[in-house]
Every structure is written in structure tokens, then in C-alpha cells.
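FYI, side chains are in, hydrogens and waters are out, and symmetry mates aren't considered; it's all heavy atoms of this structure.
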Amino acid sequence: FWKSVILWAFYERWETLVNNQIQRERARIAMTRVLDALSIEHDDIEVYIGPIVTMFEFTPSQNTRISRIRNRKDDIAVSYGVPKVKIIAPLENGKIGIEVPNRKREIVPMLDMLYLDEYQESKMELPIAIGKTMKGDVFMINLADMPHLLVAGATGMGKSVGLNVILMSLLNRKKPDELKLVLIDPKQVELSVYNSVARPYIARLKHSRNAVITEVEDAKDALNSVIKLMESRYTLLNKDGSRNIQEYNKYNKYDKLPYIVVVIDEYGDLILQSKGREMETAICRIAQKARAVGIHMIISTQRPDTKIVTGSIKANFPTRIAFRTTTGTDSRVVLDRIGAEKLTGNGDMLYFAGGDFTRVQCAYVSTEEVMDMCFDIKEEYEDCKQTYLPLPPQMEQTSRVPEYVKKYARQLAGRTFIHWQFYDDWIIKPLQELGIVGELTETATGFSKTQGYEVLISDIDEIEKVLS
């Protein structure tokens, strides 16, 4: 049986290679005929078939000028029956490149990317299999080297799918003791699927009801908590004599620090809802200092204007991904150049890092696939303990009662009974110690019984006296 399976897998791979070779040869013959018909002399043509376009590379004869080839790009487009082609000249190898759009767009499945050797055998600290280049090569990036990432583009161009691809790549390679996530989603729907992996992978606020943060005030507290954690890690590295997290983990194998990735899905909405520039200041402070201690940020926005993507943000986020933008002005804000407005959408993106631009077709993952993977992770690591962020400085216990306990105590004004499912132990126990909430009891509701806690003090004035 296993011999048959191996032979079938070998046959499928061999058939794929043969079909690709046949497609490249046909494309080479077609381009040769087009160039000969336009009297453009050239040497042998190299063909690279990508998911969106097919790239043809060749060296023109000495008597052929590049400007002459550029002026004939409309004739080449008509010959192929496409709206337009792109002439890239000169390339790094001194050749001329012609990009012709494919008649049928190829979808890059994320699940296939996760099983590739380039991804499985990668020695990167935080490997991300983001998609394929225009030549069909797998495009891998290392979040630890970036060290922070800005993602921008118009609505519906693939930003949320791109974030899911990044998170799936990290979750698939890193164990819970190696990676923790801080997820902030003001839209409340894009990252909510990751609530199911809160226990093994998400570092959450103690006073937040959901692991994925959706409220602006909670987002501010989370960023301040990350700053506090960053400072504590620097103190730890200073005592240990290590320069960065890699050195610390190398010599402290039994007390390793996990990488922390902070993801903000709609940064623009977060800035508009917050007062002043406190949010931007906190993000910039993390981006400036957090790399050495293993804290990295990924922020996404669908409003790439100068009020959202300011000079401070661009200075601290040198690595950027631009999906298709509405105008060339938006492209300049993100990439400092035009070009993103000419992308085709549906995951077509430009990756910018250190002055180099790479056009990539982002991998695709459906919501069902993300849910299935989160379910498998939840079952595999169901015994993991929940990780909590430290309390931000403004919520530290300066009096007898912490601020987060006061917040929930005031919410009980006018109530007589609360359901047990909506309140965790770290909320109930302090309220019980204050005498505001009683022990777990059962109460009759219609024809059924419900478990919960009786509210012993429901008057707001009495609650304030207890809290003071």
C-alpha cells in the first residue's frame, strides 16, 4: 500500500514538473514570435511563470535601444490580448524584463505553503511564508529581522487575509512557550477567531473580558503593559549580561523568554477613537526599543494618509507591505513612491524593506481553515496555563483595591444576581473579599435553575464606600 502511495506522489510531482516545462516552452515560443514580428532582435528568452504574471527576460542586440522596446509595449499587449504589459529595464543582471498578465490568476493556498521545505526547514527565528514572487518562488520573511511591520491598503484588497497568513505561519512553527500574541482588533470581527487559542498563545489583560482586545481603553492599557514588560526584560538582560533575547535564551535554556508579537488590525480606527497622540507615542516607544528583548509589532490600516501614517510611524516601521491603494498619494505615504495603486488587488502586494521592492502574490487562507487550525491548537495545548500581561502603571495597586476591581464593582450597581459564566475567578474573588458578591449559588429562572453569584451590595453609594 505504501509503495503505491509513494509511487503516486512521485508521479504527481513528475507530472507537475513536465507540465510546467511545457508551459514555459510554449510561452517562450509565443514571445519569440511577437518580438520577431516587431523586428526586435534578441538572444534566448528565459521564462518565469508566476501566480499573476509571466516574466520574460532577454538581452537585446547591440543595435536595439531600450527606448524602442518601451515604445512598443502597447503592440506587445495587443499581440497577447491583454490591457497592458510592463517593461522592466534594465534588470539587476543587465537584461530586459517584460511582464505579461496571466489569463488565469493562480491562487496560492496557505496550507500548501506550510508544508514546503523552505518553510519547514527554515532557521529563521520568526519565519513567515507570505506568498510567492512574480517568478513563482516562495517568499519567506523573518519578523525578528524587520523588526516591525506596517501593512496598508484599500478595503477588500487582502490586508486581513495577509494578517491571518502571518499569524498562521507563526502559530504553525512556534510552540506556546516560544511565542505569545497580543491581539488588538477595534473592528471586533477580524481577529475574534483567535479567542479560541487564548490559553496557549495569547497574553491577555486581567481586566479585559475577551482575550482579543476590542476596546480603546483596553488597547491603551495593553500597550502600556507591553512597555512595562519591555522595561522589565531589559532589567533582566542587564543582570544576566546578555545583549538580546537570542543570547539570553542560548545560556538560559530552562528559563527562556518567549517572543511577543503585538498585532493591531485597524490602527487608523484606534488613533481616531483615542484622544491626543497617546496611542501613537506608546507604539513608537515600543517600536524604538523592543527589538532586543523579543517584542515585535504588526500594525494594519486601510487609511494610509499622513494623519494616520505619520513620520514617526514610518521612521520606526522600516519594513512595509502595501496592498492596492486607491490613489498614488496613498502609495507615496506607505512606500514613499507610486506603484501600489497599479496593483491588481486580491492579495497582490509590494514588499518594501531597506530600499528594495518585491512584488508578491499573498497566500490565501479562508476563515474556515483558520478556525480548523485554531481548534487543533486548542486541543493540542488544552493543558496550558493562561498568560497575563502585567498591570499597566496607571492601574497598579496604589490603594487597598486595584483599579480593575473598582471598574467591575461599579458595574454591579442596581443588580441582584450575576451569571457565573461571565465572570472569571480573578474578578469574583476580590469582589467576594470586599463583601460585594456572595458565594456561588443556584437560583430558579422560570422552569430551570441557573448558577451564579448574589450581589450583596447593589447601591452605588454603598459600593463607593466599600471601594474607598
Report task. Please lay out, stage by stage, how D240 and L236 fare under the test side-chain contact (heavy atoms from CB on, under 4.5 Å). Result -> CA-CA 6 Å; D240 188 72; L236 181 63; 5.6 Å; no
Requested in this report: Could you go through the side-chain contact (heavy atoms from CB on, under 4.5 Å) check for V370 and Y194 one step at a time?
Outcome: CA-CA 9 Å; V370 177; Y194 296 99; 3.6 Å; yes
Report task. Before giving the answer on side-chain contact (heavy atoms from CB on, under 4.5 Å), spell out for M349 and I130 the whole-Å C-alpha distance, their side-chain angles and the decisive distance to 0.1 Å. Result -> CA-CA 10 Å; M349 70 183 203; I130 195 69; 3.5 Å; yes
Report task. Start with the C-alpha distance between V47 and Q23, add both sets of side-chain angles, then the distance that settles side-chain contact (heavy atoms from CB on, under 4.5 Å), and finish with yes or no. Result -> CA-CA 9 Å; V47 182; Q23 289 180 6; over 6 Å; no
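A side-chain hydrogen bond (donor to acceptor under 3.5 Å, both in side chains) check over residues 76-91, counting only residues at least two apart or in different chains, returns nothing. Residue pairs meeting the ring-ring contact (aromatic ring centres under 6.0 Å, His included) criterion with at least one partner in residues 90-127, sequence neighbours excluded, do not occur; the list is empty. Here salt bridge (Lys or Arg N to Asp or Glu O under 4.0 Å) pairs that include residues 293-304, with residues two or more places apart or in two chains, are R303-D305. Applying the ring-ring contact (aromatic ring centres under 6.0 Å, His included) test to every pair with at least one member in residues 131-170, sequence neighbours left out, gives these pairs: F139-Y351, H148-F317.
Between L181 and L171, the shortest heavy-atom contact is CD1-CD2, 4.0 Å. Here the shortest heavy-atom pairing between E341 and G328 reads OE1-CA, 3.6 Å. Here the closest non-hydrogen pair linking A89 and I66 is CB-CG2, 3.6 Å. Of all non-hydrogen atoms in A203 and V182, the two that sit nearest each other are O-CG2, 3.9 Å. Scanning both residues, A154 and K159, for their nearest heavy atoms gives O-NZ, 3.1 Å. Minimum heavy-atom separation, L431 to A409: CD2-CB, 3.8 Å.
Residues M168 and V165 are not in side-chain contact: their nearest non-hydrogen atoms beyond the backbone lie 4.5 Å or more apart. Taking 4.5 Å as the limit, every side-chain heavy atom of K307 sits out of range of all side-chain heavy atoms of I271. Taking the side chain as every heavy atom from C-beta outward, L223 and I184 approach each other to under 4.5 Å.
Counting heavy atoms of neighbouring residues, nucleotides and ligands inside a 6.0 Å radius, atom CZ of R243 does not exceed 12 of them. Other residues, nucleotides and ligands contribute at most 12 non-hydrogen atoms within 6.0 Å of the CD1 atom of I107. Other residues, nucleotides and ligands contribute at most 12 non-hydrogen atoms within 6.0 Å of the NZ atom of K378. Residue F357 qualifies as enclosed at atom CZ: its count of foreign heavy atoms under 6.0 Å is above 12. For M124, the CE atom sits in a packed shell: over 12 heavy atoms of surrounding residues, nucleotides or ligands are nearer than 6.0 Å.
Using a cut-off of 4.0 Å between Lys/Arg side-chain N and Asp/Glu carboxylate O, D348 and R324 are scored as not salt-bridged. Electrostatic pairing of E46 and K135 does not count as a salt bridge here, judged by no charged N lying under 4.0 Å from a carboxylate O.
Separating the OG1 atom in T319 from the CG atom in L150 is a distance of 10.0 Å, to the nearest 0.5 Å. Separating the CD atom in E99 from the CZ atom in F56 is a distance of 11.0 Å, to the nearest 0.5 Å. Rounded to the nearest 0.5 angstrom, L270 CG and I283 CD1 are separated by 6.5 Å. How far OH of Y234 is from CD1 of I295: 8.5 Å, rounded to the nearest 0.5 Å. Distance CG/L143 to CD1/I128: 4.5 Å, rounded to 0.5 Å. Here OH of Y48 is found 9.0 Å from CG of D137. Values are rounded to the nearest 0.5 Å.
With 3.5 Å as the limit, one finds a donor-acceptor pair spanning the side chains of T155 and Q302. Between the side chains of R173 and S122, no donor-acceptor pair is found at a separation under 3.5 Å. Side chains of Y364 and N346: no donor on one and acceptor on the other come within 3.5 Å.
Checking side-chain atoms of Q273 against main-chain N and O of E217 turns up no donor-acceptor pair under 3.5 Å. Checked by atom type and distance alone, the side chain of T301 never pairs as donor or acceptor with a backbone atom of A152 at under 3.5 Å. Remark: side-chain polar atoms of Q386 are paired, donor with acceptor, to backbone N or O of I202 under 3.5 angstrom. Without hydrogens or angle criteria, E382 side chain to E380 main chain gives no donor-acceptor distance under 3.5 Å. K180 places a side-chain N or O within donor-acceptor distance of the main-chain N or O of P200, the cut-off being under 3.5 Å. Of the possible donor and acceptor atoms, one in the side chain of H296 sits under 3.5 Å from a partner among the backbone N and O of P147. Distance alone, capped at 3.5 Å, is enough to place a donor-acceptor pair between the N71 side chain and the S67 backbone. Q120 places a side-chain N or O within 3.5 Å of a backbone atom of L114 that can act as its donor or acceptor partner. Proximity of a side-chain donor or acceptor of D185 to a complementary backbone N or O of V189 within less than 3.5 Å is detected. A donor-acceptor distance shorter than 3.5 angstrom exists from the side chain of R320 to the backbone of V334, with no hydrogens or angles considered.
Annotation: side-chain hydrogen bond (donor to acceptor under 3.5 Å, both in side chains) contacts of D265 (sequence neighbours excluded): none. Taking the side-chain hydrogen bond (donor to acceptor under 3.5 Å, both in side chains) definition, one finds that S169 meets it with nothing, sequence neighbours left out.
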